[in-house]
Amino acid sequence: MRNNLLIYNSLAKKKELFKPLNSPFVGMYVCGPTVYSDAHLGHARPAITFDLLYRYLIHLEYKVRYVRNITDVGHLENDADEGEDKIEKKARFEHLEPMEVVQKYMNTFYKNMAQLNTLHPSIEPRASGHIIEQQELIKILVDKGYAYETNGSVYFDLLTYNEKYKYGILSGRLLDELQSNMRTLEGQDEKRNSFDFALWKKATPEHIMRWPSPWSDGFPGWHLECSAMSTKYLGEEFDIHGGGMDLQFPHHECEIAQSTAAFGKEPVKYWMHNNMITINGQKMARSLGNFITLDQLFSGDHPVLKQPYSPMTIRFFILQAHYRGTIDFSNEALQAAEKGLQKLMKAIETLKKLKPTSISTLDVARLKNKCYEALDDDLNSPILLSHLFEGVKFINSVVDGTEKIDSSGHESLKELFKIFVFQILGLKDEKTGISDEKLTDELMNIIINLRQDAKNNKDWPASDKIRNELKGAGILIKDLKDGAEWERE
RNA sequence: GGUCGGUUAACCGAGUGGUUAGGUAGCGGUCUGCAAAACCGUUUACGGCGGUUCGAAUCCGCCACCGACCUCCA
């Protein structure tokens, strides 16, 4: 097994050699979506980034348990601890049960993820299905003195936590700094300090999603679900936790605090964060009118889009940039990616048909090694792609006769593309979506028009030849007064 | 205001103290009945000003601009 994978650890702020706690087993947790609206461009980035990692770890023969949650309760609209639940709000607008909203957008999310060719995680747990685990975790925190109840709600006591452990190790934020920056919001009189965050919230009478608990009928806080579910499925300590950079603070910082307080040790060995996506240099936001859902991207149905972009174009485009850099979407950039992907796929088709000779001018083993080195360097997919394009150039040069390949080189090069392009990068060939039926119609139109031209020129031998040869292929031409039609025999 | 990150050629986007990343587009050429594809070559690259160094786009300082987070966000 190769064991040279360097991962940039957001906690250490440097690249570190990846060593699983319990090799060959790897536990990996990634924050999934809150399912209250259609999946958008922003969801594609972490999904593809961590799909790449998942695929690579599997390729390296690790036994990976990849957990990605679905947040279907507890994510509030405004402040972390105040405001309406996002899903309830949507349910009210659409006159649906909250769980209907959840189902609807979970379906879209999974559909879009499948289109992007991301593998399903090993477990996709939902917050609402783990209320008991969350309550158990709260009990531990209360018992250990890191949480307190006020009016039926339970809050995490950051000041007490900070005395024993240091809060802010991931984001570099200090507690007193936080205090001076925090806005004063309603309802905070329940808290000992403004920076304390909710573990359990007492439901107001109109709140629909509610569960009984020792403290009140209510619902869990947002940060809690990830700690509860990662602990349940991956243990008190696990290898990798991923998510968007925007989640570093406060979400991941709170997760660290919750788990550390409860179990006395830091939960995660490697924290990984993907960077954000901008559109034409601007942050994607509903208010800026550049908010694009994945369905819109695939259909081209959005004012900023000049054309539809296929799921694989999006995947290729995201892989062309390193996951820790921001990435800017524009029509020009996407069109470039579309062309590049076509070139790659076309060369792979060409490769299959190559005629081997007795000599080879390419060192496939060396190229393969460079591909591994790129991935081992913190998943440097753009470098990997640049190496693969070296292979593309070589393939085309073989066709041109300026390079040679022998049969063993031919086999290993095919294997190389299979591994890196399809298995690890997770790309796939998307034939332009013309159905066979539509193609047949178009081809027959062309043939009938050619025959009509011949008839117009009184070129009867040509027109008869077309009719007879089509008959041989099982297609009957019937001349009409005006034009012709065809049918299968 | 605080914290952090970025500024690379027409566009996207890697990377490095001295040697062509790659993709796309443009230009010239080869090939071709024409076209397409492919191949070869090519276009003011490294925000500004200082410093360290034999040598910096790569290290340091200052400035400008952009962005993220600080409030829900992938």
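A, B, ... follow the sequence lines: proteins, then strands. Residue 1 opens every chain. All values reported here derive from a predicted model rather than from experimental measurement.
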Need one value for A:Met276: base, sugar-phosphate or nothing, where a base atom within 4.0 Å counts as base even if backbone is also close, heavy atoms only. base
Looking only at heavy atoms, what is the nearest atom pair of A:Ser381 and A:Leu52, with distance? CB-CD2, 4.1 Å
State, to 0.1 Å, how close A:Met272 and A:Ile240 come at their nearest heavy-atom pair, and which atoms those are. SD-CG2, 3.8 Å
Under 4.0 Å between a side-chain N or O of A:His40 and OP1 or OP2 of B:rA74? yes
Can you tell me if the side-chain N/O atoms of A:Asn275 get under 4.0 Å from OP1 or OP2 in B:rA68? no
Please report the distance separating the P of B:rG18 from the corresponding atom of B:rU3, rounded so that it comes out in whole Å. 33 Å
What one should report as the nearest heavy-atom pair of A:His322 and A:Arg45 is O-NH2, 2.9 Å
Have a look at A:Gly244 and say if it touches a base, only the backbone sugar-phosphate, or nothing, with a 4.0 Å heavy-atom cut-off. sugar-phosphate
Where is the tightest heavy-atom contact between A:Ile169 and A:Ile256, given as atom of each residue plus distance? CD1-CG2, 4.0 Å
Backbone N or O of A:Ile405 within a donor-acceptor pair of the A:Thr357 side chain at under 3.5 Å? yes
Does the side chain of A:Tyr56 reach to within under 4.5 Å of the side chain of A:Leu379, using non-hydrogen atoms? yes
What protein N or O atoms touch nucleotides 22-29 of chain B N or O atoms at under 3.5 angstrom, if any, and at what distances?
| residue | atom | partner | partner atom | Å |
| --- | --- | --- | --- | --- |
| B:rA25 | OP1 | A:Lys339 | NZ | 3.2 |

Can you check whether A:Asn396 has a side-chain N or O nearer than 4.0 Å to OP1 or OP2 of B:rC39? yes
